[in-house]
There are 2 protein chains.
Amino acid sequence: MGLRERKKAETRAALSWAAIRLTVERGYEALRVEDIAAAAGVSPRTFNNYFSSKAEAITSRHLDRLVRFAAEVRRRPPAEPLWDALAGAALAGFEPGPEVIAHPVPDPVQWAAGLRVMVSEPALQGEMLRAGAAARDEIAAAVAERTGTDAAIDLYPHLVAAAVLAVVDTVTTHHLRTGASAPVERLLTEGFAMVAAGLPEPR
Amino acid sequence: MGLRERKKAETRAALSWAAIRLTVERGYEALRVEDIAAAAGVSPRTFNNYFSSKAEAITSRHLDRLVRFAAEVRRRPPAEPLWDALAGAALAGFEPGPEVIAHPVPDPVQWAAGLRVMVSEPALQGEMLRAGAAARDEIAAAVAERTGTDAAIDLYPHLVAAAVLAVVDTVTTHHLRTGASAPVERLLTEGFAMVAAGLPEPR
DNA sequence: CGAAACATTGCGGGTCACGCAATTACTGCG
DNA sequence: CGCAGTAATTGCGTGACCCGCAATGTTTCG
């Protein structure tokens, strides 16, 4: 990777990260695109060369994570049962990456509160979900590959992809809603188990 | 319902319907809010009293349908198995209502083509999904009521709601993608059956 | 080293969402 | 019936956003 591409990736990451951090700190409405650009050290116009909207910048990390999830599903040994692979890939995606360890959040409590405010922002919800939809095709393709189905004609791989995203989504929402009363890992495992069991009525 | 409320509902419906029709005819980008307002016979400013965005106007019927779905789930006899009730409610929601019969689409083929273009519009995808998310809580509450779970603490009802929406979403997308090669009713039935069976690997 | 490819930036235009205040229309009560 | 209160519609003005375009500077590659 040449200097050019590296700088581009850095700028993109800086913009995205600044967008998230500032949104958590000040709220979505109060945040101007101008501020994000300033925090990343580029002009406002450049911001729009990387992201076509404020919301997209904020949710781009979410999309990245989902794309990595799809890649991880592909990476798993083909012999592994499908749902084990899916649950495993999801759990792997929630381990804090090296960049999070390098730049830890200053105040976790305040951060979580800001996150809650952020995800309740209408404009961001739509964009988040859109990122999920974009990743869905990728995941469906990975599932199709594993199961010998055809994403172009079979309903199955798309249904699995949608179900997986539904689990991840529901779990994270639930985790935030209940104030992190249960660890994400446990909720994820439970969620995948329930879906794989057909979500039978309890009792 | 007094004259006031009726006119309000009419204006709302007229705006929403005009927004959909014009989007299908001309495309999302080319359509100005001004045009929608004109087609509904109100001022552009009034449009924003009813809907806070072009996208919201277009997707409002989708949201209505999902809310009716939740109501239908509540209406079903409590003795009915959960997944039968969910599938039944979904199927009921796809029967054409009286207003569709009264105002049929002029050219179904062209209409379907326009719909495909419409749902591929990024801004609308987000808003559609947001409508789904809004309805999710409603559905989760209905499911919680039926199953004796608690939407405030249990993961189960939310997971079921998300899964149901995933099925409906996937089926409609698949239906459009494959050019209506299979009837929606059959796809829906299949989808619900697969999910209720835990989406086992085929073969 | 030189040319081509590419990123960044400023400028300008078109659109959009919304607060505010005035006008008009409906509602319910005496 | 009339009247006061409540609510809906509208025009205007503002701030923000997204993007096309062209100029400038930087990296890449032959």
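Just so we're on the same page: letters track the sequence lines, and every chain starts at 1.
Evaluation of the salt bridge (charged side-chain N to carboxylate O under 4.0 Å, His left out) rule for Arg65(B) yields no partner, not counting sequence neighbours.
Within 6.0 Å of CD in Glu201(B) there are more than 12 heavy atoms belonging to other residues, nucleotides or ligands. With a 6.0 Å radius and a threshold of 12 heavy atoms from other residues, nucleotides or ligands, Glu25(B) has its CD atom above the threshold.
Between the C1' atom of dT28(D) and the CZ atom of Arg6(A) lies a distance of 14 Å, rounded to the nearest Å. The CD-P distance, from Glu56(A) to dC18(D), rounds to 10 Å in whole Å. Look at CG on Asp35(B): it is 14 Å from C1' on dG14(C), rounded to the nearest Å. Lys7(B) places its NZ atom 11 Å from the C1' atom of dT9(D), with the value rounded to the nearest Å.
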- Item | Chi angles and distances behind the side chain to side chain contact (heavy atoms under 4.5 Å, CB included) call for Phe94(B), Thr172(B) | CA-CA 11 Å; Phe94(B) 270 88; Thr172(B) 50; 3.6 Å; yes
- Query: Can Lys7(B) and Glu10(B) be said to form a salt bridge (charged side-chain N to carboxylate O under 4.0 Å, His left out), step by step?
  - Reply: CA-CA 5 Å; Lys7(B) 284 205 85 166; Glu10(B) 276 171 18; over 6 Å; no
- salt bridge (charged side-chain N to carboxylate O under 4.0 Å, His left out) between Lys54(A) and Asp35(A): does it pass, once the steps are laid out? CA-CA 11 Å; Lys54(A) 228 194 326 177; Asp35(A) 303 331; over 6 Å; no
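Taking the charged nitrogens against the carboxylate oxygens, Glu5(B) and Lys8(B) have no contact shorter than 4.0 Å, which rules out a salt bridge. A salt bridge is defined here as a Lys NZ or Arg NE, NH1 or NH2 lying under 4.0 Å from an Asp or Glu carboxylate O, and Arg130(B) with Glu127(B) meets this definition. Between Asp84(B) and Arg76(B) no salt bridge is recorded (no basic side-chain N to carboxylate O distance below 4.0 Å). A salt bridge is absent between Arg12(A) and Asp64(A): the closest approach of a Lys/Arg side-chain nitrogen to an acidic carboxylate oxygen does not fall below 4.0 angstrom. Asp137(B) has no carboxylate O lying under 4.0 Å from a charged side-chain N of Arg177(A), or vice versa, which leaves the two without a salt bridge. Between Glu190(B) and Arg186(B) there is a salt bridge, since at least one side-chain N of the basic residue sits less than 4.0 Å from a carboxylate O of the acidic one.
Side-chain contact check for Val119(B) versus Gln125(B): every heavy-atom pair is 4.5 Å or farther apart.
Taking every heavy atom of both residues into account, Glu80(B) and Arg146(B) meet most closely at O-NH1, 3.1 Å. Across all non-hydrogen atoms, the minimal contact from Leu199(A) to Tyr156(B) is O-OH, 3.1 Å. Smallest separation of non-hydrogen atoms from Ser60(A) and Phe51(A): CB-CE2, 3.7 Å.
Judged by distance alone, with hydrogens and angles left aside, Arg45(B) brings a side-chain donor or acceptor within reach of the base of dG19(C), the pair sitting under 3.5 Å.
The stretch residues 11-22 of chain B has no heavy atom under 4.0 angstrom from DNA chain C at all. Proximity of residues 25-34 of chain B to DNA chain C (heavy atom under 4.0 angstrom from any strand atom) is restricted to Leu31(B), Arg32(B), Val33(B). Of the residues in residues 48-55 of chain B, those lying under 4.0 Å from DNA chain C by heavy-atom distance are Asn48(B), Ser52(B), Ser53(B), Lys54(B). Residues from residues 117-131 of chain B with heavy atoms under 4.0 angstrom of DNA chain C: there are none.
Regarding contacts with the backbone of dA8(D), a side-chain N or O of Lys8(B) is found under 4.0 angstrom from either OP1 or OP2. Here Thr46(A) does not reach the OP1 or OP2 of dT8(C): none of its side-chain N or O atoms lies under 4.0 Å away.
Overall bending of the helix from dC1(C)-dG30(D) to dG30(C)-dC1(D), expressed as the angle between end axes built from five pairs apiece, is 30° (10° steps).
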